[in-house]
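Report on the following structure.
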Amino acid sequence: MANIKSQIKRIKTNEKARLRNKSVSSSIKTAVRKFRAAVVSGDHAVITTELRTASKALDVAVAKGVIHKNAAANKKSSMAKSATKAGVR
């Protein structure tokens with residue numbers, strides 16, 4: 001454990017940020033997993049709503065600084081491609 005006061009504060013701050021990032025990251029993974037399940041099921045309405053939900057979750061993660069904007073763009077692009085392959089749009 002650190003002895004310096006500012007380092008003790010930094011450790012606390014880093015832990016808060018880590019937990020917040022973990023929560024956002026988990027919600028992204030859940031949204032993408034639900035989207036992939038919808039693609040497997042083949043229901044167009046569900047695919048569309050899950051694509052929107054996952055895209056929104058990725059945008060929120062970018063805004064909070066959890067993931068890079070290009071990483072989010074790549075994920076959204078691949079999801080849109082698989083939705084198109086499934087016959088949506």
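Positions are given from 1, in the same order as the sequence printed here.
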For the residue pair A80 and L51, what are the closest heavy atoms and their distance? N-CD1, 4.1 Å
How close do S55 and K76 get, heavy atom to heavy atom, and via which atoms? OG-CG, 4.0 Å
What's the spacing between K81 NZ and S77 OG if we round to 0.5 Å? 5.5 Å
Interatomic distance, OG1@T48 vs CD@E50, rounded to 0.5 Å, equals 10.0 Å
Straight-line distance of K16 NZ to R20 CZ, nearest 0.5 Å: 8.5 Å
Ignoring hydrogens, what is the shortest heavy-atom contact between H68 and V62? Give both atom names and the distance. O-CG2, 4.0 Å
Roughly how far, to the nearest 0.5 Å, is the CG atom of N74 from the NZ atom of K69? 12.5 Å
Which atom pairs, donor and acceptor, lie under 3.5 Å between side-chain atoms of residues 28-45 and protein residues at least two apart or in another chain?
residue	atom	partner	partner atom	Å
T30	OG1	S26	O	2.9
S41	OG	A38	O	2.8

Crowding at CG, L19 (>12 non-hydrogen neighbours, <6.0 Å): yes
Using distance alone, with no hydrogens and no angle criterion, decide if R18 and N14 have a side-chain donor and acceptor under 3.5 Å apart. no
Does the distance from a Lys or Arg side-chain N to an Asp or Glu carboxylate O, for K12 and E15, drop under 4.0 Å? no
If you group Ile, Leu, Val, Met, Phe, Trp and Tyr by side-chain heavy-atom gaps below 4.5 Å, do V60 and L58 land in one group? no
